[in-house]
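Beneath this line is the structure, given in structure tokens, with notes to follow.
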Amino acid sequence: PTLAQQPIVVGSKTFSESHVLAEIAAQYLEAKGQIVERRMGLGGTLISYEALVQGELDIYPEYTGTLTGAVFDDPTMDAAGLSAALAKDDLEFYLRLGFDNSYAIAMPEDLAASRGITQISDLAEHPELVVGFSHEFLNRGDGWPELQRRYGLSLRPKGIEHALAYRALDAGQLDVADAYTTDGDLDLYGLRLLDDDLEFFPTYDAGYLIRQDLPSNVRNTLSELEGVIDEPKMRSLNRRVATDGLSPALVAFEFLRDEGLVN
Ligand code: PBE
């Protein structure tokens, strides 16, 4: 065998895109002869990041804006600053998969139209709106506390499991929620994504965050996944989980097969 046989531990955060991307890495490495252990659905960003630092994980999918905003609390950090900050923890944002998955603020289209709301700053005049945000968004450096400050909003958001947010908007239980821009079921619900007119949200390029001590043959194998997923592709993979009810492992398997990455 050309690859080291020490197991490589691949993990994910709790939402389905993270799970699909982790499965893509895990199954691709396995197809090349690498033994892999899985720790999927570990927790939120900080738990996953810490697990990587502690060596409980070797690889998990992460996003540039999440690292600068939520882990390092410095949204102004550039690519070089991010590499340096990660290197201090013996980590590396190893490769970009080819898409951006940002937070966005979503409202039902007809509600937004009837109140004349097109951009986030318009929310300042609508304190009556019922707002639900995903738990992590409520507390992150690139989330609600800073968004509220930047836009001067006086809304009172409550926490909601992200997987339930679109249905709650659809059922009229919520007026406003945070969306993830590559969510597969986003299009189904007739939502308006409000323009981020003060350019609050950073870019969230997706990629694999790895430990620097990852063996070079594993790195080389992983590097073959650079740029393989664009935004429409990621949305369609997420739709397979959210709408078709397939497991992230099956969606990852079919992706690798259909792209000719494994046979
Ligand atoms: N995101 C959008 C979040 C969840 C989806 C990429 C900014 C994150 O995991 O950081």
Side-chain angles (χ1 to χ4, degrees), residues 10-25 39-53 57 59-75 77 82 85-86 91 93-106 120 132-147 150 157 159-166 169 176-187 189 191 193-194 196 199-210 229-239 241-242 248 251:
V10 179
S12 81
K13 299 199 274 189
T14 44
F15 59 105
S16 61
E17 175 174 294
S18 187
H19 198 154
V20 170
L21 295 176
E23 275 292 338
I24 287 173
R39 305 240 169 99
M40 304 303 187
L42 213 57
T45 298
L46 297 183
I47 287 172
S48 305
Y49 186 90
E50 196 52 29
L52 197 67
V53 171
L57 296 181
I59 302 168
Y60 83 92
E62 196 46 282
Y63 305 84
T64 51
T66 301
L67 291 165
T68 55
V71 176
F72 298 118
D73 240 322
D74 180 6
M77 197 179 250
L82 176 57
L86 290 170
L91 305 181
F93 189 74
Y94 185 53
L95 62 83
R96 287 167 201 253
L97 284 159
F99 69 92
D100 170 30
N101 176 9
S102 184
Y103 281 120
I105 303 301
I120 297 175
F133 286 142
S134 48
H135 300 290
E136 190 170 303
F137 185 75
L138 277 176
N139 295 302
R140 287 170 48 149
D142 56 342
W144 171 244
E146 284 302 317
L147 183 80
R150 177 80 68 89
I160 182 169
E161 194 59 48
H162 181 63
L164 305 176
Y166 299 141
L169 285 170
V176 180
D178 60 306
Y180 303 174
T181 54
T182 52
D183 274 341
D185 47 352
L186 191 52
D187 310 341
Y189 290 100
L191 298 176
L193 300 187
L194 304 184
D196 179 14
E199 293 178 11
F200 172 76
F201 292 114
T203 300
Y204 295 90
D205 284 324
Y208 292 114
L209 187 63
I210 66 170
I229 307 178
D230 60 13
E231 277 161 42
K233 172 61 75 180
M234 192 66 239
R235 220 169 281 126
S236 81
L237 297 179
N238 286 334
R239 192 175 306 125
V241 178
V251 171

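As the structure lists them, so they are numbered: ligands from 1, and atoms in each ligand from 1. Heavy atoms only: backbone and side chains are in, while hydrogens, waters and symmetry mates are out. Heads up: numbering here begins at 1 and tracks the sequence.
Sorted by chain then number, the residues whose non-hydrogen atoms approach ligand 1 to under 4.0 Å are Lys13, Phe15, Tyr63, Thr66, Asn101, Tyr103, Arg140, Tyr180, Tyr204.
Checked by atom type, the side-chain pair Asp178/Ser134 shows a donor-acceptor distance below 3.5 Å. In summary, the side chains of Thr64 and Arg96 do not present any donor paired with an acceptor at a separation below 3.5 Å, with no hydrogens or angles considered.
Residues passing the ring pair (Phe, Tyr, Trp, His ring centres under 6.0 Å) test with Tyr204, sequence neighbours excluded: Tyr103.
Panel note: side chain Arg239, backbone Leu186; no donor-acceptor pair is recorded below 3.5 Å.
Ring orientation note: the planes of Tyr63 and Phe99 are nearly perpendicular, at an angle over 60° on the 30°/60° scale. Taking the six-membered ring for Trp and thresholds of 30 and 60 degrees, Phe72 and Tyr49 have ring planes more than 60 degrees apart, a perpendicular arrangement.
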